[in-house]
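Here's the structure, in structure tokens; my notes come after.
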Amino acid sequence: VEIAQYNLNTSNFGLRLRVFGGALLSTIDLITDIYMTAKFFNTEGQEGYGMTNAVLIGLTMFFQITFAYVQNGRKPSSFFQDAFCILTGFKPALDAYRVGSGSEQEDHHRVAPMAEMTFCKITEVVFEAVPASIVQIYALIIAKEQTLDALISIMVSAATIGFTSAMLSYDWDTSPTQRVKNPGFYGYIPDKALPRAVCFLSMMSLSFSHVLLQTLSCALLFATNPRWLIYYIAGDMGLFLLYKVVRRDFYYYLSISGIL
């Protein structure tokens, strides 16, 4: 495991791709979302969309800062560092660097860096990227005039979600510890650099396309009849949870230190 982790840490291509790619996409996504929020507030009849976007961005930052306090509460300097990165949009790059460089869980941490990154990424996708994309697509559909800036913001959000999904899958699969624990599941990403890069870009492209189709479908359903969207989400999530229960994969045990 130690040799595999060393080889992973010294693989500059994958580390730089995740760090700079994550930082760039997350920063641009935050800027475009703030821009669209301000535009909604300044457009008559679209103030509700602006308020929705503002609430989503605020919720994301609130949950991430709360988690940062739980994670680093015993070391205030680390908490303020993480809080600053959250507010400036660089937290994804910081998490990617920690995981990619093989940083270990420190004494003041509650969970490992991998679990911290996963929580922050899921929070960003669930509370901001996906719902904000649906709101912006819906506003674009019913608007009298479609604008290029709205389309760019939607595409950036979809690219951010695709990158996030691919990065989480990549980091969990290439973790030597996870491959030892679950060899039957992890190990689908090749070991050589070029095939690994192709696999990462393929996962990102697939997630990007899937997100665009799903968010567009949700916006169209809501524009046609909001009840249809509720039925669709209930059916989709119901089948997913039923699948997890049948496979006995419904529970997840998170290793937390210093709580109990």
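- No donor-acceptor pair under 3.5 Å is formed between the side chain of R196 and the backbone N or O of I189.
- Under the side-chain contact (heavy atoms from CB on, under 4.5 Å) test applied with T215, the options V135, I137, L220 reduce to a single match, I137.
- Two different hydrophobic clusters hold F62 and I57 under the rule that ILVMFWY side chains link at heavy-atom gaps under 4.5 Å.
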Check: Could you walk me through whether Q214 and D236 pass the side chain to side chain contact (heavy atoms under 4.5 Å, CB included) check?
Finding: CA-CA 11 Å; Q214 285 287 80; D236 190 33; 4.2 Å; yes
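- Using a 4.5 Å cut-off on side-chain heavy atoms (C-beta onward), C120 and F63 make no contact.
- The closest donor-acceptor contact from the side chain of Q81 to the backbone of F79 lies at 3.5 Å or more, if one exists at all.
- In this structure, R110 and V70 approach most closely via the heavy-atom pair CG-O, 2.9 Å.
- In this pair, Y186 and W172 present their aromatic rings parallel. The plane angle is below 30°, not in the 30 to 60° band.
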Next item on the list: Run the numbers on M203 and Y188 for side chain to side chain contact (heavy atoms under 4.5 Å, CB included), then give the verdict.
Entry: CA-CA 12 Å; M203 291 192 298; Y188 53 85; 4.2 Å; yes
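- Checking K39 against T147 by side-chain atom types alone, a donor-acceptor pair falls below 3.5 Å.
- V126 and L59 end up in the same hydrophobic cluster when Ile, Leu, Val, Met, Phe, Trp and Tyr side chains are linked at under 4.5 Å.
- Cluster membership for F200 and F185, using ILVMFWY side-chain heavy atoms within less than 4.5 angstrom, is shared.
- Between the CG atom in L216 and the OG atom in S133 there is a gap of 11.0 Å [rounded to 0.5 Å].
- The backbone N or O of A129 lies less than 3.5 Å from no partner atom in the side chain of D29, so there is not a single donor-acceptor pair.
- Remark: N72 CG to F67 CZ distance equals 9.0 Å, nearest 0.5 Å.
- No donor-acceptor distance shorter than 3.5 angstrom exists from the side chain of N182 to the backbone of G184, with no hydrogens or angles considered.
- Q136 and S153 are linked by a side-chain donor-acceptor pair at a separation below 3.5 angstrom, with hydrogens and angles left out of the test.
- Across all their heavy atoms, P195 and K192 have their closest contact at CD-O, 3.5 Å.
- M155 has its side chain within reach of F208: a pair of non-hydrogen atoms, C-beta onward, lies under 4.5 Å apart.
- One distance of note links OG of S78 with NE2 of H109; it measures 5.5 Å at 0.5 Å rounding.
- A chain of hydrophobic side-chain contacts below 4.5 Å, direct or via other Ile, Leu, Val, Met, Phe, Trp or Tyr residues, connects L30 to I65.
- Among D149, I154, V156, the one residue that satisfies the side-chain contact (heavy atoms from CB on, under 4.5 Å) test with T32 is V156.
- The closest side-chain heavy-atom distance from T160 to E124 is below 4.5 Å.
- Ring pair Y232/F222: centre-to-centre distance not below 6.0 Å.
- When the side chains of ILVMFWY residues are joined at heavy-atom separations under 4.5 Å, either directly or via intervening members, M61 and F80 end up in a single hydrophobic cluster.
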Notebook entry, point to check: Hey, mind stepping through I134 and V130 against side chain to side chain contact (heavy atoms under 4.5 Å, CB included) and telling me if it holds?
Noted result: CA-CA 6 Å; I134 296 175; V130 171; 4.2 Å; yes
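- Smallest separation of non-hydrogen atoms from P131 and V125: CD-O, 3.8 Å.
- Here CG of L25 is found 11.0 Å from CD1 of I161. Values are rounded to the nearest 0.5 Å.
- With a 4.5 Å cut-off on side-chain heavy atoms, M117 and L168 count as touching.
- In terms of heavy-atom proximity, T123 sits nearest to Q64 at CG2-CG, 4.1 Å.
- Contact of the F240 side chain with the M237 side chain is registered, since non-hydrogen atoms from C-beta on lie closer than 4.5 Å.
- Looking at heavy atoms from C-beta onward, T37 lies out of side-chain contact with M51 at the 4.5 angstrom threshold.
- The OG1 atom of T52 sits 11.0 Å away from the OH atom of Y138 when rounded to the nearest 0.5 Å.
- Nearest approach of D173 to G187, heavy atoms of both residues: OD1-N, 2.6 Å.
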Next item on the list: May I have the step-by-step check of salt bridge (Lys or Arg N to Asp or Glu O under 4.0 Å) for K91 and E116, ending in yes or no?
Entry: CA-CA 11 Å; K91 186 65 164 65; E116 179 184 6; 3.1 Å; yes
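- Two residues are said to be in side-chain contact when any heavy atoms from C-beta on lie closer than 4.5 Å; F127 and T60 meet this criterion.
- Between the CD1 atom of I233 and the SG atom of C218 there is a distance of 5.0 Å, given to the nearest 0.5 Å.
- In this structure, G45 and E47 approach most closely via the heavy-atom pair N-OE1, 3.0 Å.
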